Engineer: 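One structure is given below, represented as structure tokens, and several questions about it will come after.
Since this is a predicted model, take the numbers as computed values, not measurements. Every chain is numbered from 1 and lettered A, B, ... according to where its sequence line falls, protein lines coming before strand lines.
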Protein chains: 2
Amino acid sequence: MVMNMRLSDLITERILELLDESEESTAEIQRNEFANGIGCAPSQINYVLSSRFTPEHGFIIESRRGGGGYIKIKRVVLDGSSAIMHIINSIGEEIDAMSARILIENCYQSGLIDKTSARLMDSAISKNVMHSLPPQIRNSVRATILKEMLLIQL
Amino acid sequence: MVMNMRLSDLITERILELLDESEESTAEIQRNEFANGIGCAPSQINYVLSSRFTPEHGFIIESRRGGGGYIKIKRVVLDGSSAIMHIINSIGEEIDAMSARILIENCYQSGLIDKTSARLMDSAISKNVMHSLPPQIRNSVRATILKEMLLIQL
DNA sequence: ACCATTTTGACCTTTCCTGACCTTTATTAT
DNA sequence: ATAATAAAGGTCAGGAAAGGTCAAAATGGT
């Protein structure tokens, strides 16, 4: 238990503690100081954040460089059974143009997203945009864009 | 309250206060006096102005040297379609990540787009998406996506 | 032994802040 | 009027203080 506690686990634990203590479910840290308190390389913090505090895991990261910089970790309440989450999961690694259009339309019709959002999604994956990409990666880029855009609707 | 308040933040705050107090959305300061009141080097004021009160951020600066000199900061309120058209034109064929972020933020701050739209735009050109593209075409794809998304807000 | 995860370190980019020096404008002395 | 001086604001280079990235080495599980 304590024996195979990796650094990553410790870091994760500390961050979760901070989040639990916080009224607003927000932890703000200074990377170097935090890493120092734990005794690890600063970049290790980035590793943990990018592997365990992703939007898919229900967190939003915001940071700033330079003097007085910081890293903010926000926990967003996400309902694992929410419709949007299901849809995101159903997209997978690739999606073709037609399926995407239908998916967006369905989201709109079922009231999951409003009209403006639907139109924005359409334009983000419009022909104009896709045309500027190598054909081989279109389906995967479309999937990535769509998933990113759906994520914030949670 | 706020733990690590940078000088830049303090200066920004003071200027915004002045702008809010003003009927004309115009703040007029004297650089040395203002810097003195805050306790920083006078040139720090220029730094803040040129990094946070640019036209891209929605402000216009006007100043005069010599005896009785001053610096005037005006907040410009963009209006409607023509503003968006202007912004679209200003994007051109390519745009880097930071300029894009600032542009979106400015559109939101000036009321041209709502918060959800701003967040959707951010996610459509997020790191996750850009990372799935060949580096050489990122700036142009970002420009295309952004312009497409802005177009529908007309 | 192999594969995925973890961990580190070297190097990069962004942001902040100051101080020395420069330019412009107004005022004052001759 | 003109020249000198004072009173602003402007610029720029440099250093310091953050956080970001990436690839290679270490580790751990099966």
Side-chain angles (χ1 to χ4, degrees), chain A residues 1-15 27-54 56-57 59-74, chain B residues 2-15 27-54 56-57 59-74 96-102 105 126-128 130-135 138-139:
Chain A
M1 255 234 242
V2 175
M3 292 199 38
N4 21 340
M5 181 73 122
R6 297 177 197 70
L7 275 179
S8 295
D9 295 332
L10 182 54
I11 293 168
T12 301
E13 205 174 69
R14 293 267 180 99
I15 293 176
E28 183 170 330
I29 63 172
Q30 306 233 235
R31 194 181 70 151
N32 287 353
E33 184 192 3
F34 191 72
N36 213 302
I38 281 175
C40 68
S43 57
Q44 181 67 9
I45 309 299
N46 297 82
Y47 169 68
V48 173
L49 290 178
S50 64
S51 63
R52 304 184 182 180
F53 289 85
T54 66
E56 285 80 0
H57 286 120
F59 299 92
I60 292 177
I61 306 297
E62 180 200 321
S63 72
R64 197 142 176 219
R65 303 188 188 186
Y70 58 80
I71 301 179
K72 252 189 224 166
I73 302 106
K74 253 179 270 194
Chain B
V2 182
M3 292 199 6
N4 42 3
M5 185 69 134
R6 306 170 196 69
L7 275 180
S8 296
D9 292 335
L10 184 54
I11 293 167
T12 301
E13 204 174 70
R14 294 267 180 100
I15 292 175
E28 183 170 329
I29 62 172
Q30 306 233 240
R31 193 181 72 152
N32 288 352
E33 182 193 4
F34 191 71
N36 215 302
I38 281 174
C40 68
S43 58
Q44 180 67 10
I45 308 299
N46 297 84
Y47 168 68
V48 172
L49 290 178
S50 64
S51 63
R52 302 183 182 182
F53 289 86
T54 67
E56 281 74 27
H57 284 100
F59 298 92
I60 291 178
I61 306 297
E62 181 199 320
S63 70
R64 196 142 184 219
R65 304 186 187 188
Y70 59 83
I71 301 179
K72 252 189 223 166
I73 302 105
K74 253 180 265 193
D96 63 81
M98 201 170 11
S99 304
R101 246 186 21 219
I102 291 175
E105 172 68 13
S126 67
K127 243 182 256 174
N128 252 339
M130 289 300 134
H131 261 244
S132 70
L133 307 175
R138 284 179 191 160
N139 285 355

Engineer: Could I get the full list of side-chain hydrogen bond (donor to acceptor under 3.5 Å, both in side chains) partners for B:Glu105, not counting sequence neighbours?
Structural biologist: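 Applying side-chain hydrogen bond (donor to acceptor under 3.5 Å, both in side chains) to B:Glu105 gives B:Gln109.
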Engineer: To the nearest angstrom, how far is B:Met98 atom CE from D:dG20 atom P?
Structural biologist: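 Going from B:Met98 (CE) to D:dG20 (P), I get 14 Å.
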Engineer: Using a heavy-atom cut-off of 4.0 Å across all strands, would you classify A:Gly66 as base, sugar-phosphate, or nothing?
Structural biologist: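 Base, at least one base heavy atom under 4.0 Å.
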Engineer: Mind jotting down which residue pairs meet the salt bridge (Lys or Arg N to Asp or Glu O under 4.0 Å) criterion with at least one end in residues 39-48 of chain B? Sequence neighbours excluded, please.
Structural biologist: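 As it turns out, there is no salt bridge (Lys or Arg N to Asp or Glu O under 4.0 Å) pair with a partner in residues 39-48 of chain B once direct neighbours are skipped.
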Engineer: Any non-hydrogen side-chain atom of B:Ile102 less than 4.5 Å from a side-chain atom of B:Thr54?
Structural biologist: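 Answer no - side chains too far apart.
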Engineer: CD1/B:Ile29 to NZ/B:Lys72 distance, rounded to the nearest 0.5 angstrom?
Structural biologist: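 NZ of B:Lys72 is found 12.5 Å from CD1 of B:Ile29.
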Engineer: Restricting to pairs with a member in residues 32-43 of chain B, which pass salt bridge (Lys or Arg N to Asp or Glu O under 4.0 Å), not counting sequence neighbours?
Structural biologist: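 Salt bridge (Lys or Arg N to Asp or Glu O under 4.0 Å) check on residues 32-43 of chain B returns no pairs.
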Engineer: Not counting sequence neighbours, list each pair that qualifies as a side-chain hydrogen bond (donor to acceptor under 3.5 Å, both in side chains) and has a residue in residues 34-52 of chain B.
Structural biologist: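 Found B:Ser8-B:Gln44, B:Asp9-B:Arg52, B:Thr12-B:Arg52, B:Arg31-B:Asn46.
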Engineer: Select from A:Ser43 and B:Arg64 the residue whose nearest nucleotide in DNA chain C is closer to the 5' end of that strand.
Structural biologist: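 Closest to the 5' end, via its nearest nucleotide, is A:Ser43.
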Engineer: Within this structure, what is the CG-to-C1' distance between A:Asn46 and D:dA23, rounded to whole angstrom?
Structural biologist: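 So the two atoms are 15 Å apart, to the nearest Å.
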Engineer: Need two values: the first and the last nucleotide of DNA chain C, 5' to 3', having an atom under 4.0 Å from any heavy-atom of chain A.
Structural biologist: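 The contacted stretch runs from C:dT5 to C:dC16.
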Engineer: My understanding is that only residues two or more places apart in sequence, or in another chain, count here; which of them pass side-chain contact (heavy atoms from CB on, under 4.5 Å) with B:Ile38?
Structural biologist: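 Listed in chain order: B:Leu7, B:Leu10, B:Ile11, B:Arg14, B:Phe34, B:Cys40.
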Engineer: Output the rounded distance in Å from CD (B:Gln44) to P (D:dT11).
Structural biologist: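 One finds 15 Å between P of D:dT11 and CD of B:Gln44, rounded.
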Engineer: So, for A:Ala35 and A:Pro42, which heavy atoms are closest and what is the spacing to 0.1 Å?
Structural biologist: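 Looks like CB-CA, 3.6 Å.
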Engineer: Contact class for B:Ile71 (heavy atom, under 4.0 Å): base, sugar-phosphate, or nothing?
Structural biologist: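 The answer is sugar-phosphate, as B:Ile71 gets under 4.0 Å only of primed atoms, P, OP1 or OP2.
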Engineer: Please report, rounded to the nearest Å, how far the C1' atom of D:dG9 is from the CD1 atom of B:Ile73.
Structural biologist: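 Result: 13 Å.
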Engineer: Which whole-number value in Å describes the distance from A:Tyr70 OH to D:dG20 P?
Structural biologist: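 It works out to 11 Å between those atoms.
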Engineer: Pick the closest DNA chain D nucleotide for B:Gly68 and for B:His131 by heavy atoms, then say which residue is nearer the 5' end.
Structural biologist: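 Whichever sits nearer the 5' end wins; that is B:Gly68.
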Engineer: For DNA chain C, determine which residues of residues 29-41 of chain A have any heavy atom closer than 4.0 angstrom to one of its atoms, and list them numerically.
Structural biologist: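 Those residues are A:Cys40, A:Ala41.
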Engineer: Using every non-hydrogen atom in the two residues, find where B:Phe59 and B:Phe53 come nearest and quote the distance to one decimal.
Structural biologist: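 Smallest heavy-atom distance, with atoms named: CB-O, 3.4 Å.
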Engineer: Starting at atom CE of A:Met5, determine the distance to atom C1' of D:dT27, rounded to an integer number of angstrom.
Structural biologist: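 In whole Å, D:dT27 C1' and A:Met5 CE are 17 Å from each other.
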Engineer: D:dT21, OP1 or OP2 - any side-chain N/O from B:Lys127 closer than 4.0 Å?
Structural biologist: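 Checking B:Lys127 against D:dT21: at least one side-chain N or O falls below 4.0 Å of OP1 or OP2.
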Engineer: Which is true for A:Gly67 with a 4.0 Å heavy-atom rule: it touches a base, it touches only sugar-phosphate, or it touches nothing?
Structural biologist: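 Here A:Gly67 touches the bases of the nucleic acid.
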Engineer: Could you tell me the separation between the CZ atom of B:Arg6 and the C1' atom of D:dA17, rounded to a whole number of Å?
Structural biologist: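 Rounded to the whole Å, the gap is 11 Å.
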